[in-house]
Structure formats: C-alpha cells, structure tokens
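Have a look at the structure below, then the notes.
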Amino acid sequence: MGMFDTFSVNATGLTAQRYRMDVIAQNVANANTTRTEDGTPYVRKVVTFSEKKGKHQSSFSSIFGERASRFQANGVKVSGTYEDKSTEGNKVYDPSHPDADEDGYVTYPNVNIITEMTNLIDASRSYEANATAFDSYKSMALKGLQMGQ
C-alpha cells in the first residue's frame, strides 16, 4: 500500500457518503410529492455501495495482481441507486386532493422522515469519520516529512 493509497480510500468514502446524503435529501424533499412526471407518487431512493476494485492487468501481472490485491485497500464506490419498491406508499383519505383516487384516498410516497433522518445521521457520521481519518493520515505524513529533514 503506497503512501497516497490511504488518501484515496478516504476520498472515495467521502464521495460515497456525500452522494448518499444527497439522495437522502432528495427523499426528504419529495416526502409529500404525490405526482411525478409520470403521474405516480415519488418512490424512495436507496444508495448501495461496493468495493472499488483495482486496475485490470493481463497475463502474469493479472495473477500476481489478484494475489496482491488482498493486501491493498482500494476504497468504496457507489454501485447504484435504486427505487425502494418493497415498501408501499401511505394512503390518506382526502377526497378534496387533486390526486385522490375514486375512493378519495391519496397515495403519498413511501418516505418515512424518521428513517431518512436516521440514515442522514449515519451518513454524516461516516463522512466525519472519513474526514478525520484523512486529516490524521495527513498529519502523520507531514510529521514523517519533517523528521526526514
């Protein structure tokens, strides 16, 4: 693991958590959106992460790289954002609402503000942890350079 690999790992963590916070903010902003462009209620979005793989090699170097990759940290990446179709939207009786069905019920998005705020706190803490680790490693690298003078 090189000197700058730790910076890269923390930077990917910062980027991934920032994206997660953006998606959570989008969910909170659309918590009451009953009609999107396609005419359906907003559907909650969820971010998934996966391990960021190293560069692809060929022939002998691919075998060697595969074995050596167990000892290298490459960080995290956003593997996708998907719509949460497993939870249903909230049905509220409001016959005066323009999006009410024939029975007078309005389907609101499947966004639970408490869950979103909990996820936002989790993402924020993860972001802070990555920033703290980045700063700590930066301080250690600077001290190492100062000792080498």
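All values reported here derive from a predicted model rather than from experimental measurement.
- Across every non-hydrogen atom of Phe134 and Phe7, the tightest pair is CE1-CD2, 3.3 Å.
- Both Val28 and Tyr127 are assigned to one and the same hydrophobic cluster, defined by single-linkage of ILVMFWY side chains at heavy-atom distances under 4.5 Å.
- In this view, Thr132 and Ser136 satisfy the side chain to side chain contact (heavy atoms under 4.5 Å, CB included) rule, not counting sequence neighbours.
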Apply side chain to side chain contact (heavy atoms under 4.5 Å, CB included) to Thr107 and Lys91, showing your working.
CA-CA 5 Å; Thr107 304; Lys91 288 200 174 241; 3.6 Å; yes

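- The number of heavy-atom neighbours closer than 6.0 Å to NZ of Lys77, taken from other residues, nucleotides and ligands shown, is 12 or below.
- Atoms CG and OH, from Asp94 and Tyr105 in turn, are 11.5 Å apart once rounded to the nearest 0.5 Å.
- Residue Ala16 comes nearest to Val76 through the heavy atom pair CB-CG1, 4.0 Å, listed as atom of the first residue, atom of the second, then distance.
- Considering all non-hydrogen atoms of both residues, Pro109 and Ala31 come closest at CD-O, 3.3 Å.
- Atom CG of Asp135 is separated from atom CG of Asn130 by 11.0 Å, given to the nearest 0.5 angstrom.
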Take Leu120 and Met21 through the test side chain to side chain contact (heavy atoms under 4.5 Å, CB included) and record every step on the way to the result.
CA-CA 6 Å; Leu120 184 61; Met21 286 188 277; 3.8 Å; yes

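- At a threshold of 4.5 Å between side-chain heavy atoms, the hydrophobic network of Ile, Leu, Val, Met, Phe, Trp and Tyr places Ile24 and Leu14 in one connected group.
- Note that the CG atom of Asn112 and the CG atom of Asn119 stand 9.5 Å from one another [nearest 0.5 Å].
- In this structure, CZ in Arg18 is found 15.0 Å from OG in Ser126, a value given to the nearest 0.5 Å.
- A distance of 11.0 Å separates CD in Gln17 from CD in Glu128, rounded to the nearest 0.5 Å.
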Give the C-alpha distance, both sets of side-chain angles, the deciding distance and a yes or no for side chain to side chain contact (heavy atoms under 4.5 Å, CB included) between Arg20 and Asp122.
CA-CA 10 Å; Arg20 182 177 172 212; Asp122 178 53; 2.9 Å; yes

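- A donor-acceptor contact shorter than 3.5 Å links the side chain of Thr48 to the backbone of Gly80.
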Kindly determine whether Val47 and Val78 satisfy side chain to side chain contact (heavy atoms under 4.5 Å, CB included), including the steps that lead there.
CA-CA 7 Å; Val47 178; Val78 175; 3.8 Å; yes

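- When all heavy atoms of Asn27 and Val111 are compared, the pair lying nearest together is O-CG1, 3.5 Å.
- Around atom CD1 of Ile114, no more than 12 heavy atoms belonging to other residues, nucleotides or ligands sit under 6.0 Å away.
- Val9 and Tyr19 fall into different hydrophobic clusters, where Ile, Leu, Val, Met, Phe, Trp and Tyr residues are linked whenever their side-chain heavy atoms come under 4.5 Å apart, directly or through other members.
- With hydrogens and angles ignored, the 3.5 Å screen pairs a side-chain donor or acceptor of Asn110 with a backbone N or O of Arg44.
- Put simply, CE on Met140 and OG1 on Thr6 are 8.0 Å apart, with the number rounded to the nearest 0.5 Å.
- Around atom CZ of Phe49, more than 12 heavy atoms belonging to other residues, nucleotides or ligands sit under 6.0 Å away.
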